[in-house]
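Remember, it's 1-based here, ligands and their atoms both numbered in the order they're listed. Here, residue 1 is the first one in the sequence, and each next residue gets the next number. All values derive from a computational prediction rather than experimental measurement.
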Amino acid sequence: MKTAVVTGASSGIGEAFAKMLAHKGTRVILIARRRERLEALKEAILSGGGQADVWQADLTQNRDLEAICDRLRQEEVDLLVNNAGFGLYGPVTETDPDREQSMIQLNVSSLVSLTRAVLPQMVDRGSGGIIQIASTSSFLPTPYMTAYGATKAFVLHYSEGLAAELKGTGVTITTVCPGSTQSEFAGLAGFRQTRLMASEEVARQALLAFQQKRITLVTGVGNWFLTRLPRFLPRTWMGALVARLFRDRT
Ligand SMILES: NC(=O)C1=CN([C@@H]2O[C@H](COP(=O)(O)OP(=O)(O)OC[C@H]3O[C@@H](n4cnc5c(N)ncnc54)[C@H](OP(=O)(O)O)[C@@H]3O)[C@@H](O)[C@H]2O)C=CC1
Ligand SMILES: CC(=O)[C@H](N)C(=O)O
């Protein structure tokens, strides 16, 4: 039986990944802070005949992160879904600097640590891979979610670089860039989103892209066009355009 690790499995896109992977016969290791949510998901998976384990952790806390990385080095991991993340909406002078630091820690640093924890065993075996959850925001400056967009730009560049480095090793790195998706994300970030895709659809498209060994996936045709705009418009125009779209989104 294959083993997949899903961070941020207690809601939204991560929960959808965990359910889908379990349904396909994969054992899933569920990581997030809310233990009761993870235990309920585990029960649902077990009662459907699947296998799941709960590893509760706050990935912004070094002690928790290091403990998870140690455990990952001792497991045979076939797939890591680096999905846990959150956003922060508002003018940069008004957002909470501590929350911004936590966001950078979770969206960037913990993703890098978890990637490094599983990659050596995958390269040694010549199989397996990682799905990195970035965003359409990875491609554009995102005024009013400036630091969030920058974390997701990091995820895209880091992961596409890794994919190129690992070519020929048998290890797949697929970076998934969702646009607005139905989950707890917008409520927690403090803004309104429109034209939402279901979390299940994001997870479905992502798993297919991973299976096809695609390097990058933007979910949805409209989102794909949005991410191509910076090729045709001056960068300063992109910032101004997104500022107009993102202003007054509370
Ligand atoms: N929804 C959207 O429109 C989009 C989302 N994304 C990205 O998709 C990913 C998933 O988000 P989504 O499902 O939408 O949002 P949700 O808020 O529904 O899910 C976020 C998940 O991350 C977990 N998480 C948050 N903080 C921590 C932490 N400190 N340690 C461990 N786990 C944590 C949460 O669990 P818990 O609170 O239990 O710890 C939860 O399971 C994120 O990386 C997000 O940036 C990208 C583009 C669009
Ligand atoms: C800010 C956005 O709506 C973006 N698609 C994201 O959530 O990452």
Asks: Hey, is R71 close enough to E75 for a salt bridge, meaning N to O under 4.0 Å?
Replies: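 Answer for the salt bridge query: no.
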Asks: Which ligand 2 atoms does S135 reach within 4.0 Å, using its non-hydrogen atoms?
Replies: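 Counting atoms of ligand 2 from 1, those under 4.0 Å from S135 are 4 (C), 5 (N), 6 (C), 8 (O).
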Asks: Under 4.0 Å from any heavy atom of T136, which atoms of ligand 2 are there?
Replies: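 Under 4.0 Å from T136, ligand 2 has these atoms: 4 (C), 5 (N).
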Asks: Is the shortest heavy-atom distance from the side chain of M122 to the side chain of L166 under 4.5 Å?
Replies: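 The answer is no, as the side chains (C-beta and beyond) never meet within the 4.5 Å cut-off.
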Asks: Mark up the atoms of ligand 2 that fall under 4.0 Å of a heavy atom belonging to S137, in ascending order.
Replies: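 Matching atoms, with element in brackets: 1 (C), 2 (C), 4 (C), 6 (C), 8 (O).
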Asks: Mark up the atoms of ligand 2 that fall under 4.0 Å of a heavy atom belonging to F246, in ascending order.
Replies: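 Near F246, the atoms of ligand 2 are 1 (C).
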Asks: Indicate, as side chain, backbone, both or neither, the part of M145 found under 4.0 angstrom from ligand 2 when only non-hydrogen atoms are considered.
Replies: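 Under 4.0 Å from ligand 2, M145 contributes side-chain atoms alone.
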Asks: Which one of V218, N223, T219, L217 satisfies the side chain to side chain contact (heavy atoms under 4.5 Å, CB included) criterion with C177?
Replies: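 Exactly one pass, corresponding to V218.
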Asks: Quick one: do L88 and L188 end up in the same hydrophobic cluster if we chain Ile, Leu, Val, Met, Phe, Trp and Tyr together by side-chain heavy atoms under 4.5 Å apart?
Replies: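 No, because L88 and L188 fall into different hydrophobic clusters, even though each may have its own neighbours under 4.5 Å.
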Asks: Just one of V6, L30, L41, L38 clears the side chain to side chain contact (heavy atoms under 4.5 Å, CB included) bar with E15, so which one?
Replies: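 The single option meeting the side chain to side chain contact (heavy atoms under 4.5 Å, CB included) with E15 is L41.
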Asks: Under 3.5 Å, is there a donor on one side chain and an acceptor on the other for T216 and E160?
Replies: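 There is such a pair (donor and acceptor under 3.5 Å, judged by atom type) between the side chains of T216 and E160.
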Asks: Under 4.0 Å, heavy atoms only, figure out whether ligand 2 is touched by the backbone of S180, its side chain, both or neither.
Replies: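 Looking at S180 and ligand 2, atoms from backbone and side chain both fall under 4.0 Å.
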Asks: Scan side-chain atoms only and decide if E201 and Q205 contain a donor-acceptor pair under the 3.5 Å cut-off.
Replies: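 There is such a pair between these side chains.
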Asks: Y148 and ring-ring contact (aromatic ring centres under 6.0 Å, His included): which partner among F185, F86, F154?
Replies: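 When F185, F86, F154 are each tested with Y148, the ring-ring contact (aromatic ring centres under 6.0 Å, His included) holds only for F185.
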Asks: If you group Ile, Leu, Val, Met, Phe, Trp and Tyr by side-chain heavy-atom gaps below 4.5 Å, do F191 and M197 land in one group?
Replies: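 In one cluster with F191: M197, no.
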Asks: If we ignore hydrogens and angles and just use 3.5 Å, is the side chain of N83 paired with the main-chain N or O of T7 as donor and acceptor?
Replies: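 Between the backbone of T7 and the side chain of N83 there is a qualifying donor-acceptor contact (under 3.5 Å).
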Asks: At a 4.0 angstrom heavy-atom cut-off, what protein residues surround ligand 1?
Replies: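 Within 4.0 Å of ligand 1, the protein residues are G8, A9, S10, S11, G12, I13, A32, R33, R34, A57, D58, L59, T60, N83, A84, G85, L106, I133, A134, S135, Y148, K152, P178, G179, S180, T181, S183, E184, F185, L188, Q193.
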Asks: Give the numbers and elements of all ligand 2 atoms closer than 4.0 Å to a heavy atom of Y148.
Replies: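 This gives 6 (C), 7 (O), 8 (O) as the contact atoms.
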Asks: Mind checking whether F210 and V81 have side chains closer than 4.5 Å, heavy atoms only?
Replies: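 The answer is no; the side chains never approach within 4.5 Å.
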Asks: With a cut-off of 4.0 Å, which atoms of ligand 2 are near a heavy atom of G179?
Replies: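 Selected atoms, number and element: 5 (N).
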Asks: Among protein heavy atoms, which lies nearest atom 7 (O) of ligand 2, and at what distance?
Replies: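 The answer is F185 CE2, 3.2 Å.
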Asks: Using a strict cut-off of 4.0 Å, indicate which atoms of ligand 2 neighbour a heavy atom of Q193.
Replies: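 That gives atoms 2 (C), 3 (O), 7 (O) of ligand 2.
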